[in-house]
Structures are given as C-alpha cells and as structure tokens.
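Accompanying notes for the structure given below.
Note that the structure is a prediction, hence the values are computed from the model and not measured.
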Amino acid sequence: MTRGTPRLGISALLVVPALVTLTAAATAAPATADPLPGPVFADGQAQIVPEFADPGSWIRQRLWVETEFDSDGDGRLDRMHVDVTRPGPTADGLKVPVIYETSPYYAGTASTQRQYFWNVNTELGQEPPPRTSPPPIAFRPDRTAVSTSEVGTWVPRGFAVVHSDSPGTGLSEGCPTVGGANESLAPKAIVDWLNGRAKGYTSVVGGEEVSATDWSTGKVGMTGTSYNGTLPLAAATTGVEGLEAIVPIAPNTSYYHYYRSNGLVRHPGGWLGEDIDYLFDYISSGYPDRREYCAQHVRVDLMNRHQDRATGDYNDFWAGRDLLNAVRGVRAPTLMAHAFNDWNVVPEHSVRILDALKAQGTPAQAYFHQGGHGGAPPLDLRNRWFTRYLYEQQNGVENDPRAWIVRNETGESRLTPYADYPNPEAAPVGLTLQQGGATTGGLTSLALADGGTEQLVDAGDLACNVGTLATQASENRLLYVTPELSAPVHISGTAQVRIRLAASKPAANLSVALVRLPWTSGAGCESSTRGSTTSVITRGWADPQNARSLRDGEPLKPGEFVELTVPLQPDDQVIPAGSRIGLMIFSTDHEFTLHPAPGTVLTVDLARTSVELPVVGGPLAMPICAEPDTRPTVVVGGIDSGLPNRALAGTCTVNDHILDTEEWPNHGRFVRHVTEVADRLVAADVIGAKERSALVRAAARSNVGK
C-alpha cells in the first residue's frame, strides 16, 4: 500500500513560528504543521482514506460557470449550474483530481404518457399528424445542489465530485439541443474552470468569482449512464485539456442510430413513438422566460424541419448529432460499457466508437454484459482506470485486456477477459437458406442456397411481438433454422444479413431477427422480448428504399427486386448445444417500427439471401451436421484423397464440409470451395501442407460441377 504525496497550497507551506524566549541552556524547536492526508493506493486502485470518508467534513460549493456560447438568445454567455463536493483537507491546500457527471435529467423530466408521443399507426412515406407536447416541467428555483451521484464512491477515495445541469435544464442557462454543439461545449467549460481557464460565479447573473485552482489538480474524469454517458464522449470530442479519462456507460453516440436504422424510422425499445423533438420536451426544465425561445428555435425551426419522419433518411441535421463524425478529437482514454441486450441504446452505439478510437490510437477498453440498458463496469475496473489517468499511478491498466465480457452460458455470470472485442478468433460463417420459410426452412453453412422465392405478408398495425412469430407458423414471417447444435457455438461480433427482395408497395418495413430455439421467453402478442433472458440473439432493421443511399431513399417499384445488407446489433454469447439458430425475416416490428396498414407483400430471393455470422473458430466451428459423414477418409466426388476424415466441431467431420453432393454451377467454383476449406483446415492445424495438396488434387480430379 502506497500513500501519494499531497499537493500543498502556499498557505500550507508557509509557517510563521511564534516568538520564544531563548535561554542559555536550550533553544526552542520551530513549530511545524501537521502533514496533510493524501491518497492511498493498493493494487493499482485508490483506497478509502479515513480523513476523506466523513461526510461531515466534506466541502460543498454551488456556482455557475460561464461558457463560450449564448444558445438562448438573451445576449449573454450562458452559465452552467455546478456543484462541487470535495474532501475536507482540500480547504487546507490539498489538491485532488475530479470525477465529473453532467445531465439534463437532474431537475426533473416531462410526462411519458403515450398521448405525447408520435402516433406510430402511420403509413410509410407519409407526413405524420402533429404531435402534442407534454405539460411544461415545473421550474425549481430553490434547488441548492445538482446531484449526489458518485459522491459516496469517489470522495472517500481522494477525488472531488462535480455535477452540472446541461444547457437549458435546471438552473443552467441556454437551450436544450439534444446533441447540439452546446452539449459538448458546456462540460468543456466546466473542465476549463477546473483548470483556471474559465470563470465561475456565485450567481447566475453577476456574482463574485469562484476559483477551483486552489484545490483542483486540473485532471478530470467523466462518467455517466445513457444520456449522462453520452456527454463525457461529447466533451472529449472537443479535445479539452485536462479531461484525462472517460467512462461512458450505454452512451447514445448518434441520435440517428437512436431514432432510425438504415433509413427506417425506428424507436428506442420501450419508447414506441418517441423522436428527438419529444426528447427536447422531456428535458426542457430550464428558466421559464427562455423556454418559448428555445422551443421555437430548436424544436420547431430545427428538429421538426429536419428530423424527417416521412422518409427516415440521413441528413446534415443527423450528421451534426453523430459523435463518430467528431471522434478524431477524442484524446481521453476511454473505458466504454454497454449491454448486448440493451434495446434502448443499442450496442452498436459503443462498438462503432470503440472501433474508431482503436483505429486512431486512443487508449480504449470495453466492458460488455448480457443485461439491459445501463450497467456500470465493476468498481475495480473504473477505479484502476481513473487512478491510472487522474492520479498517474502506473498500475499497468493500459496493458490489461482490451475487452471484458460478462459470460453466463453456464448459468453463473463470469467476467471474462478478451484480447479484444470482437473475439480475435471470430471469423465470418456464411449461412444459406433452404426452402420452407413459411413454416420452418433450413439455415446452414453446409449446403448451397436453394433457388426460388418465398413470400411474407406484413401484419402492419396488427403485428405481434417476435415471440409470437418465432413460435407459430405464420404468413407474416419467414423462418429458417439450423439443425440442432451438437456443440456450443460462440458468436462474437456483428452479424449481417444480405437480402434480395421485392415489395408490393413503394415503401415497406424490413425487420430481421436471429433467434434461439426452442423459444424460452414470453411468446404472447404483447409479451416483452427484451432483457438478459431473451430468446432473441440479435436483431436489425432497414428501409429497402435506402438500398443505394442512406441520404436519398428511392421509392420501391412494386415487384422489382433490390439488394441490401442489414447489419444486426453486435453481440457476444455462447449458444448452447441442443439449441437451434433461426433467421426470421418479417416486416413491421411491433416493438420498434411504424405500424402501417397490413397487407404489403415481401418476396425474398433465397439464392441471393444469406447470413454472415461471426463465430469463434469460423466455419469449422459450426456443429450443424444433422447426418454426420463418418467415412474413415475424406472422399471428394468419389475420389479418395487418403486424408483421415478427422472430427471437427460437435459431430461434424471434414467430409461434411466438402459439399461434393451439391449441384455446383461449374467445376472451377467447386475446386475453389475445396481449396478454401483446405486452407481453413491448415490454419486450424487440422491438416498439414501435404495433406492440403492431396485434398485440392482430389477436388480437381473429381467430376463435381462438370
């Protein structure tokens, strides 16, 4: 256990000794000041210090920090309402780093009654009827603090904790913009104040100046969940000096990805009918005399003009609220947390930012769990992160595994370190479709795709949740299912579906889900399928009108096929042996999309539709051999290669992957396939180079495809 050296202010360093009487026998010793308590570290983490842990000794301050913007049009720079809680010894010269959380929610939120959301029973491509705003949020001028979150965790460990109301909320000036520039610049101003570069005042107007430099080291770490987790990343995009580390939890990194999917109007899970203009109403709790201005200039003139619920297309309005477009400014080491079953802020929000941070060299780690929305990393992970970057303790956190995944396939949740996410051993497995989707068609990597087309009819505003579709034969969906898994399958990464389809109308919803069968979650029409025990592996949505461009959708020509790729949500889980994996294609998703009138027909081209599934171990790890080929040697189209027919995943063998009984379009394509299989076998150390050559020669000598 080590104790850090406290940083002393001038007042603590100067000691004026009292006058003493000198005698011939002795000289009095000069008076000395008691040393200030400092932070204590063990195992690379800041520990609770008794002198910091007594709430009665904590120092609390309230102030307003002046920003560099005027977003509410009153002619004055907006000031943000801030509170500070810090250890008592900071009054005597001790300097400490800061944990900072900001939010638009602290001062209250508006009604969530459905009557204030958009009506989702709307035809696709049409302008929806107007939405009614909820009653105004009560203004609370008597608030004397912002929040107490994080205080009990970090102040006893030698940090100050700072909170602030977001612009246009609580006692902060400005307008709420839901992803606008002032949401990035407001926390930047607080970081600047903590470093002496911005001014703080005792009042929202006028007031005496308040400084932080006598107790703040200037090193700041930000954290928070959901909207509160978005804002640390937003602040970091400014590159502000002093923001040394962030821990965003379930952050919304793009409002387009929150309210749209691949051109389709989609709502966050549990908030059917919500859009960005409702979120403005939901958080607008600021000064009453500026609310009308903000509502007109932000909600009406900006959001309602550009959010575009008719087409769902991407545009400059949405691009300005996408943090991926500003991620190059992020220098703060980032510990990102998200849940794979978060259907409110879906996990792609974090994965897309993590990929960008790693690509540009910003230190980044990931924590993923199997639950729903929210869920902070364990305290020891957060503590190591903040201790390393705010207290500069060389605890080696930058050399830790880059990903931590909560795994629960055995029933007990286990935090499992990965070298990275996705698991570096994952590789894409192409799964093809076999006829029969109206009841249960086939899904396999061990056969070529069937030809022909199959159809489904959109249930529209009569649609039920996916549990009903997955457990009952229905004209409202197509379902393709693997044979029973004879061994577990570890999925890690982002699956995607390539699909060729035609619609009977100019616009149609397209929804896709990967499901685990037998179904174990609720299967009623209104039963929820969200949560850690869901039978939905992952899912995705897209607008076929945006097959060519996300910005410029084109009305579909009835009966004319289009091709598109639908990325599903990132995942990491182990599907147990005895299960089957199903691909379900449907139209209206009762929980997420608009609900048009029923009847639109979607026609799917089986041969041009497939799934790419990220499987640890790649194609050789798929245990889906319904009738295993157990011949002693590998036989290719009647040619015995002489290779032992070695066992692969589950009950599968090498012979099962040769596919020499399929109707190949030509011999060359078959030989290329066998060559690819041989290369995978070599990479997996199943066969050697000489055996590879024998396998490829056998394929070349065969008559398959001729």
**Prompt:** Looking just at side-chain N and O atoms, do Thr653 and Asn645 make a donor-acceptor pair shorter than 3.5 Å?
**Reply:** yes
**Asked** Are any of the side-chain nitrogens in Arg539 or Glu591 under 4.0 Å away from the carboxylate oxygens of its partner?
**Response** yes
**Prompt:** Regarding Glu554 and Gln545, is there a side-chain donor-to-acceptor distance under 3.5 Å anywhere?
**Reply:** no
**Message:** Test side chain to side chain contact (heavy atoms under 4.5 Å, CB included) on Leu324 and Ser254; report intermediate values, then the result.
**Reply:** CA-CA 7 Å; Leu324 186 62; Ser254 163; over 6 Å; no
**Item:** Non-hydrogen atoms of Ser702 and His667 that approach each other most closely
**Value:** O-CE1, 3.1 Å
**Prompt:** Is any NZ, NE, NH1 or NH2 atom of the basic residue among Asp458 and Lys505 found under 4.0 Å from an Asp or Glu carboxylate oxygen of the other?
**Reply:** no
**Asked** Going by atom types only, do Asn509 and His595 share a side-chain donor-acceptor pair under 3.5 Å?
**Response** no
**Item:** Evaluation steps, ring pair (Phe, Tyr, Trp, His ring centres under 6.0 Å), between Phe592 and Trp541
**Value:** CA-CA 9 Å; Phe592 294 94; Trp541 308 264; 4.9 Å; yes
**Spatial distance of atom CZ (Arg414) from atom CD1 (Ile405) [nearest 0.5 Å]** = 12.5 Å
**Asked** Is a side-chain donor-acceptor pair under 3.5 Å present for Tyr480 with Glu454?
**Response** yes
**Request:** Flag the pair Asp313 / Asn546 as yes when at least one side-chain heavy-atom distance between them is below 4.5 Å, and no otherwise.
**Result:** yes
**Message:** Quick test of your reading of the model: are Arg631 and Asp656 salt-bridged, counting only N-O distances below 4.0 Å?
**Reply:** no
**Item:** Asn262 CG to Asp543 CG distance, which is reported to the nearest 0.5 Å
**Value:** 9.0 Å
**Asked** Are Leu594 and Thr588 side-chain neighbours, meaning at least one heavy-atom pair lies under 4.5 Å?
**Response** no
**Asked** Among Phe340, Trp404, Tyr418, whose ring pair (Phe, Tyr, Trp, His ring centres under 6.0 Å) with Phe368 holds?
**Response** Phe340
**Message:** Parallel, tilted or perpendicular: which one describes the rings of Phe670 and His673, with boundaries at 30° and 60°?
**Reply:** tilted
**Complete:** Here the gap from Leu695 atom CG to Ser641 atom OG, rounded to the nearest 0.5 Å, amounts to 5.5 Å
**Item:** Cation over ring face, Arg477 and Phe586, 6.0 Å, 45°
**Value:** no
**Request:** Walk me through it: do Val601 and Leu456 pass the test side chain to side chain contact (heavy atoms under 4.5 Å, CB included)?
**Result:** CA-CA 6 Å; Val601 177; Leu456 64 93; over 6 Å; no
**Asked** Using 30° and 60° as the class limits, which term best fits the ring planes of Tyr314 and Tyr256: parallel, tilted or perpendicular?
**Response** perpendicular
**Message:** Other residues, nucleotides and ligands only: do more than 12 of their heavy atoms fall within 6.0 Å of CZ on Arg551?
**Reply:** yes
**Request:** With rounding to the nearest 0.5 Å, note down the distance linking CG in Leu443 to OG1 in Thr432.
**Result:** 7.0 Å
**Asked** Is it true that atom NZ of Lys706 has more than 12 heavy atoms of other residues, nucleotides or ligands lying nearer than 6.0 Å?
**Response** yes
**Message:** Looking at Glu563 and Arg608, is there a salt bridge between them, counting it only when a charged N and a carboxylate O are closer than 4.0 Å?
**Reply:** yes
**Prompt:** Does the side chain of Thr603 come under 3.5 Å of the side chain of Gln455 through a donor N or O and an acceptor N or O?
**Reply:** yes
**Asked** At their closest point, which heavy atom of Pro576 faces which heavy atom of Leu485, and how far apart are they?
**Response** O-CD1, 3.9 Å
**Request:** For Arg352, check salt bridge (Lys or Arg N to Asp or Glu O under 4.0 Å) against everything at least two apart and list the hits.
**Result:** Asp322
**Message:** Strictly below 4.0 Å, N to O, side chains only: are Arg646 and Glu691 in salt-bridge contact?
**Reply:** yes
**Message:** Let me confirm one number: the OG1-CD1 distance from Thr444 to Ile624, rounded to the nearest 0.5 Å.
**Reply:** 3.5 Å
**Asked** If you look only at pairs with a residue in residues 463-476, which of them pass as a side-chain hydrogen bond (donor to acceptor under 3.5 Å, both in side chains), with sequence neighbours excluded?
**Response** Ser474-Asn476
**Asked** Do Ser504 and Thr600 meet the criterion of a side-chain donor-acceptor pair at a distance under 3.5 Å?
**Response** no
**Item:** Distance (rounded to the nearest 0.5 Å) between Thr538 OG1 and Gln573 CD
**Value:** 8.5 Å
**Asked** Okay, side chain of Ser350, backbone of Pro347: is any donor-acceptor separation there less than 3.5 Å?
**Response** no
**Request:** Tell me, please, whether Trp664 has Arg672 positioned over its six-membered ring: NZ or CZ under 6.0 Å from the ring centre and within 45 degrees of its axis?
**Result:** no
